[in-house]
Each structure stands twice: as structure tokens, then as C-alpha cells.
Colleague: 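First the structure, which I've put down as C-alpha cells, then a few questions once you've had a look.
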Amino acid sequence: MRQKELRIALVCFGGISLAVYMHGVTKELWYATRASRALHADDPARFAPSTGLEKVYLDLLETIQRERGLRLRILPDIISGTSAGGINGVLLAQALISGQSLEPLTTLWLEKADVDVLLDPDAKPWSRFAKFWAQPIVWFVLARPGNAVMRMVAPRIRAEVRRKVSSLIRARWFAPPFSGIGFSRLLAEALEAMGESTAEHAGAAPLLPAGHPLDLLVTATDFNGHLEELRLNSPPLVEESEHRLAIAFSRVAGIGPGSDLAARAELVFAARSTASFPGAFPPLMVAEIDRLVQERRMGWPGRDRFLQRIMPSRWRRGEVGEVALVDGAVLVNRPFAQAMGVLRNRPAEREVDRRFVYIDPSPDHVRYEERSGRTVGFFSAIFGSLSSIPREQPIRDNLETLEQQSRERARLRSIVDALQPEIEETVERLFGYTLFFDQPNRKRLTNWRNKAQQAAAEQAGYAFHGYAQVKFAGIVSDLVDLIVEAAPDAAPRAEIESVLWAHLVQSAGLDKLAERKGGATEGAIGFFRAHDIGFRIRRLKLLARRLTYDWDEAEGITPEARDAARDTVYRAQALYQGRETAAGLGPGFAASAAVVASDPGAVLAAIAARRDLTGIDLKVDAMIVAALEAMDKPLRRRFLHAYLGFPFYDVATLPLLQGEGMGEFDPIKVDRISPDDATSIRAGGTLDCLRGVEFFNFGAFFSRAYRENDYLWGRLHGAERMIDLLASTVEPPLGESIVRQAKRQAFLAVLHEEQDRLRAEPGMVDRVIAEVEAAFAETEPGEPR
């Protein structure tokens, strides 16, 4: 059966109290991924849900499998978040890699994300720091007609909001009202509760398949800034202050019981720092996490390594203890760039549908003052300029970059398609009369592969010089990245690159890559065989595309045969991709890479030995020969022509595409999840559904009823958009009746699951159930109800 992976790079924006809505959305992604794990498990009975929303997702995946012959797997493997979205991202990533439950996070948001809980004890009305004298003034301001509470808060909770705003305003002088260490304790409690509770039927098995990487990236802001070197022409070196701080975690899913994404103290550090809203919480300092570790006896064995990794320049200067981190959304509220940065070279063992999915709880950012016709007031102008406007800047630049990448990939496909007839004729002339061409073995295939590469180099003529230089430069750049990843403190990146170039050109004799008569020099051939991992992966990706799209209507080729061949290609590709990163080169490589400044030759030799690309080449040849033996003649010849003809494609396309080559063919698709996109129940968007947008997006911190409302709609909207995502991966599209029925079942499952928990506003869940029944009352003829 055809297999496909729906890979999701999730981007979680900041949103202050709208974090509660985002939690509801991320919980649906968690449920859908659990259902996908159940579908693909060796022991489905262990994971299969019997009821509830997870069962709805599993039923839909089974319907896709039954109706379209497609076995779909959901893999959220990149998570990027900031501020409140960063908290949700941290805990979702922990749940995915460990198999732990997200339910404790629901408890955290509903019970603890409240002004009364977050206030520092020293800032509460009865503390010695409270401004008792301000009580009459506060009540006068909050009761005055036309005040912010009257204009922006629903009547039924105005009294509650006034009381809590009063407590907030009368807090201590010139200090954040909310407790930093209290916030860290809440996050630690949520992580501890996740570790203690495991999902039903699931034990603690990871939700991602064994060997698949998960990248988590959150942003924080270094308030005082740290110095970074910048190379210029004159003066040659200057130091500039940098305030952006990226905190990244990467983990490969294991087999059996899942383990934590990182040390618990590090996850708290990331979540606490990214959500340190300026003025509300004190900046995070390392001493606060040290205090937390001591209080809870958590242990933090990798403390120094972690701090050195995320703050290398401060670590070198001995300034880690002085760093003050505030909300990541101050500078980056839409963290697309971080997710895009880790997208390249993801391993693939089957067809991939890559999506960037971003959660935007409030896509319509028009101010309440504008809607009410009021002019911008004094405090609104200050608050908007310092906080709201920077946080709501459009993501057009990021999305245009993704769109440009997609256009380039479409252009690449057209180039490759145009080259195909001529290259196939060339390969036919080269191998048309080859003895035993229809009876390949490993030795023959290896010889044919070398022959094709030499022929492509020689026939390219003077164009091969440019191709070789582009390829060489790309390999050197990748090697520098690999060394920096393994040994970030060995030397500055520019110095490592300079040392490698000097060694390769002067000592290794690679100043000349192409022979005058045509083809590569002996030195270049040896270097490419030892280090050109990109060429191998590009070749297999072209072959995977041929098998997936180009030969589906070819005479004499069955879908079953293509699927079997494609599985072989992806398994072969994974062998190379496993050696691309520093982690894939095994323990001890960091020590080998650290000597690059003094002995670059030894580092290159270590990389070549650890990768052993020629050894993998022989394994891949054997895998392909075994697959060829099972193919009928029409597919076998097409497969061989494409595999052996790849060097001709690469010579033609690599210089044209600035060294990127044929790494990916398919465009990256972008999907949004917001109240404006999930209109099956209510069509009014954010203001029709969410209450956290009130009081400058702080509304949900003042009322549990508001938090319950937003959490419920986050789940409902997340369920609707998850079903839309799953349906959009299927070709031809699923019938409208199937999608509609799945949404109705999902909505009712969510509402019944949450009915006992959401009690702050009596009757809320029942009213939404009635809305669902009314929305789905009119069905198409023959559509199930």
C-alpha cells in the first residue's frame, strides 16, 4: 500500500492569554498524532482508542486507507514558538518525544493561568508592599462610565475583572506584579505531572517513529544584549549588540519507553524565558532556575553545557550569571525563520507532504478603539507602540520566502522534465548494447554507475569546470556546518572555512578540479567519493519522484511494483541522511572536530572514515539490485536509466540552481489555524468565539470562564482544521460527506469529553452542542447524519 508522511512544522505565535486557545489547538494535533501512531503500530491493540476524539481521527485515517489505498502518517517534527506559544510548543514537544500526556497542561492553563495565582505574594493586596491608599482611586477609575473594563469586558464577569485588576494595580511599586519563581514552579509542576501520568493504552511510547528527529525552537530576548563579532572591510572586525536568543532542542525518537526531550530544568528555562512578558513578570535569570532545581531536587547535570550552547558569547566572557531574558515576542512574535532553518536535509523513508502550520488566534488585528470609533488614547498609544504593534507585524516576508522556494522547485521540475528525453537517449546509447544490462548484480551496477558519472563529466566539456566548482564549494560549506555543529567553540565559522579552503587547495592539491581533456581530476574524484553526500541523496530523490509521479501511467508498470521500488529508494536515502549530521557520526566526533584549526586534514579524514560513503554506496547498490530482481522488465529498465542517468541531470542543474541542486521537488504548503478558518459551527471569527481578546488580550487571565471558553474553541477549531489537513493530503479528494461527517463526530466527541470539566459558565457546553446539531442538521441527499 502506498505510504505518505504528513510532516508538520508547527509555528506558535505569542498571544498573551490567548495561549489557552492555542493549547486547545495543539492538543488536537497531539490527539491526531496518537491516532496515527495507533494506525502504524506493530501492536495496534496496545494503542487503539475505543472512544473519543482520538477514535474519530483513527477512523478517518482508516477511511483514507480504505478509500484511497493510502497509509498516511502524521509527523509533527518541527515546533517553533515564542511567548505563550513557546510554552505550548515546549510541552507539546515533550509529549511527542516521550509519549506523556498533555492533560496536565490543560490543568495548568485552566486552574493556574489566573491573576490571583500568578501574583507575587509580596504584590497581593494584603502584603506590606500593597498600595492600600490606592483602593478608592482604583474603584473610581474602574467604575467610571466608558472605562476599559466597561468597554471591553462582558457584563457577567466585570465584577470579577474589576476585583482582579484592582489587585494588580495596587501591587508593589515599580516591580512586576507576577512572580518569576512562582511561574517557574508552575511549569515544573506541569512537567512533573506529565511524567507521572501517561496516556491511556499508550504507556510512555514516543508518538514519532524510532529514529525520526524532533526539533524544538523557542525565542527569548536578551534584554541587555550580548556582543557578537561582525566582519567588515574597514575596520576588519567590530562588535555589535545582539538581543535575539534562540533556544533549540533536537532529539531523535527512540524505541520503547520514551525519554524526555531535555533535562526538566532546561525545558522550564526555555518556557519561562520565552514568556517573560515585560512588566508583568521579572526577567529570567539563571539564578532563578538554579533556585528551582535546588528547591525541587530536580538535578541538572548538563547545566554548563546547556548554558554554553545557548549563550556561547556570554559564556566565553563569564557573563551567564548576569543575563536577563524577557519575552521572545518582543523581537520575534512569528518565529517562522527558526523553523525554516532546520527544514533542510530532513530524513525521508517514504513520500512526504511537508506543511508549515501556524496558529493565529486573532488574525484580525484591528484595535477595539478603532472599531468603536474612539481615538487612540494615551496609554493605548504607549502600549500599542511598545508591545502590540511589534507583536502583530505581518508574516509576509516569511511566507514570501516559502513561496519563492516553491516557485524555484516548480522551475526545477520543468528543467528536469525538459532534459529527460535527451538524457534518456544518451543513457540508452551508453548502455543500450551492454551485455547483461537486464541482469544486474552489485558489481555490475557499481561499474555502470562509475561509467555513467565519467561519461557525464567528459561530455559536459568546459561546462564541467563550473559544475565541479559549484559542487566543491557546496561540499566545503556543508563540512564547515558539520564541524561547527559538533564543536561550536573550536573556532569562529569564518576561520574554520578559511582553514579548510587553504588545506584543500594548497595541501590536498584541489586547486584544479577538471582535466583539460574533460572530466574530473584524480584528486577531485577522490574528494567527491569521500565527501559528496549531497550528490547521493539528490540522485535518490530524483528516482523517488520518477516512481511517485512520472511512471504512474506507464505501460506494464503496476502500482504495487512502483510502491515496492519506492520503499527501497527511501530506505537507501535514509542510510545517507543518517550520516549528514554530527549526531550521525557517532560518539567522539566532537573531540575529532575540535582540532580543525590546527589539523584540518585529520578532521576531514575522520569525517570520511565515519561516514564511509563508499561503503554505503555498495550497500545501496546491493539493495537496488535486490529490488531490480523483483521488477518486471519495463520498470527495471526505466529504473536503471534514471539511476544511471542522474549525473547528466546534476551537471546541468546544479550550477543553474546555485548549488542547491535537486534536493526537493515538491512545494512547501502553508496552512493557518485560526477562528476565521474554522467556520463550521460559528462563522464570526475571533470576536464571535474568543473571550481572551478582551482587555488587551489579557482577558482570560481574569476569568476561568473565559479560559474554559477559549480552551473549548481551541479544541473545536483545532479538530476542524486537523481534519481539513488530513483530507487535503489525499488525491483524489475525499468526498464532502466523509469530511463533513468526520467534523460532526469530532465536535461532539470534544464537547462530550469536556462537559464535566468546563463548569465555570453553566450551560456553555450544552449551548455549543445545540449549535453543532443545528449546523449539521441540513445534510446533502444520502449523507449520513
Side-chain angles (χ1 to χ4, degrees), residues 15-28 31 51-53 56 102-119 142-143 148-168 361-362 675 678-695 697-720 743-777:
I16 315 175
S17 77
L18 293 175
V20 183
Y21 173 86
M22 285 188 278
H23 167 60
V25 175
T26 58
K27 199 168 181 180
E28 293 311 303
Y31 271 125
T51 59
L53 182 59
V56 175
L102 266 186
E103 287 298 332
L105 183 54
T106 303
T107 302
L108 171 72
W109 285 127
L110 294 183
E111 297 182 2
K112 304 298 180 68
D114 191 278
V115 165
D116 284 347
V117 176
L118 296 173
L119 273 178
L142 295 179
V149 175
M150 293 286 287
R151 286 187 290 112
M152 303 175 63
V153 178
R156 64 182 178 275
I157 69 158
R158 283 176 185 166
E160 179 185 9
V161 172
R162 284 194 185 101
R163 178 181 63 79
K164 293 180 179 178
V165 171
S166 171
S167 298
L168 198 62
S362 184
T679 57
S680 293
I681 305 174
R682 291 184 188 173
T686 300
L687 296 182
D688 198 25
C689 299
L690 305 189
R691 297 294 169 260
V693 294
E694 297 179 0
F695 212 63
N697 282 355
F698 280 87
F701 289 152
F702 292 96
S703 169
R704 171 151 185 158
Y706 275 19
R707 293 195 294 278
E708 290 186 1
N709 175 88
D710 289 5
Y711 163 68
L712 178 62
W713 282 105
R715 288 206 63 186
L716 294 171
H717 292 165
E720 178 168 356
K743 288 183 179 181
R744 177 180 179 274
Q745 292 173 345
F747 295 151
L748 294 177
V750 169
L751 291 161
H752 290 139
E753 287 174 3
E754 299 293 351
Q755 194 155 26
D756 292 337
R757 173 165 29 203
L758 308 182
R759 295 289 187 179
E761 184 179 338
M764 177 186 69
V765 174
D766 289 332
R767 289 194 295 272
V768 180
I769 289 175
E771 288 185 61
V772 171
E773 295 291 10
F776 286 83

Colleague: Is there a donor-acceptor pair closer than 3.5 Å between any side-chain N or O of Arg715 and the backbone N or O of Gly24?
Modeller: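 Pair absent, no side-chain N/O of Arg715 close to backbone of Gly24.
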Colleague: Is there a side-chain contact between Arg691 and Glu761 (heavy atoms, below 4.5 Å)?
Modeller: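 Answer no - side chains too far apart.
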Colleague: Give me the atom names and distance for the closest heavy-atom approach of Asp116 to Asp114.
Modeller: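 Closest heavy-atom pair between Asp116 and Asp114: N-OD1, 2.9 Å.
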Colleague: Please give me the minimum heavy-atom distance between Pro361 and Met22, naming the atom from each residue.
Modeller: CG-CG, 3.8 Å
Colleague: Side chains of Tyr706 and Val20, heavy atoms from C-beta outward: is any pair under 4.5 Å?
Modeller: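 With C-beta onward as the side chain, the pair stays apart.
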Colleague: Report yes if some heavy atom in the side chain of Leu110 is under 4.5 Å from a heavy atom in the side chain of Leu758; otherwise report no.
Modeller: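 Yes. Closest side-chain heavy atoms under 4.5 Å.
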Colleague: What pair of heavy atoms forms the shortest contact from Ala719 to Ala746, and how long is it?
Modeller: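 Distance-wise, the nearest heavy atoms are CB-CB, 4.2 Å.
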Colleague: Can you give me the closest heavy-atom contact between Cys689 and Asp710, atom names plus distance?
Modeller: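 So the two residues come closest at O-OD1, 4.3 Å.
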Colleague: Could you tell me whether the side chain of Leu716 reaches within less than 4.5 Å of the side chain of Val768, counting heavy atoms only?
Modeller: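 A side-chain contact under 4.5 Å exists here.
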Colleague: Working to the nearest 0.5 angstrom, can you tell me the gap between Tyr21 OH and His717 NE2?
Modeller: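 Going from the OH atom of Tyr21 to the NE2 atom of His717 covers 5.0 Å.
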Colleague: Which heavy atom in Phe747 sits nearest to a heavy atom in Ser680, and how many Å separate them?
Modeller: CE1-CB, 3.8 Å
Colleague: Nearest heavy-atom pair of Arg707 and Phe702: which atoms, and what distance?
Modeller: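 Closest pair (atom of Arg707, atom of Phe702, distance): NH1-N, 4.5 Å.
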Colleague: Is a salt bridge present between Glu103 and Arg757, judged by a nitrogen-to-oxygen distance below 4.0 Å?
Modeller: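 Here Glu103 pairs with Arg757 in a salt bridge, since their nearest N and O are under 4.0 Å apart.
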Colleague: Could you tell me whether Glu753 and Lys27 make a salt bridge, using a distance below 4.0 angstrom between a side-chain N and a carboxylate O?
Modeller: no
Colleague: For Leu751 and Leu712, run side chain to side chain contact (heavy atoms under 4.5 Å, CB included): C-alpha distance rounded to whole Å, both residues' side-chain angles, the deciding distance at 0.1 Å, then the answer.
Modeller: CA-CA 8 Å; Leu751 291 161; Leu712 178 62; 3.9 Å; yes
Colleague: Thinking salt bridges, do Glu708 and Arg704 make one under a 4.0 Å N-O criterion?
Modeller: yes
Colleague: Once rounded to the nearest 0.5 Å, what's the spacing between atom CG of Leu18 and atom CD1 of Ile16?
Modeller: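 These two atoms lie 7.5 Å from each other.
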Colleague: Do the non-hydrogen side-chain atoms of Val117 and Glu111 ever get within less than 4.5 Å of each other?
Modeller: no
Colleague: Side chain of Arg682, backbone of Asp688: donor and acceptor closer than 3.5 Å?
Modeller: yes
Colleague: Indicate the ring-plane relationship of Trp109 and His23, choosing parallel, tilted or perpendicular according to the 30° and 60° boundaries.
Modeller: tilted
Colleague: Return the OG1 to OH distance between Thr106 and Tyr711, rounded to the nearest 0.5 Å.
Modeller: 4.0 Å
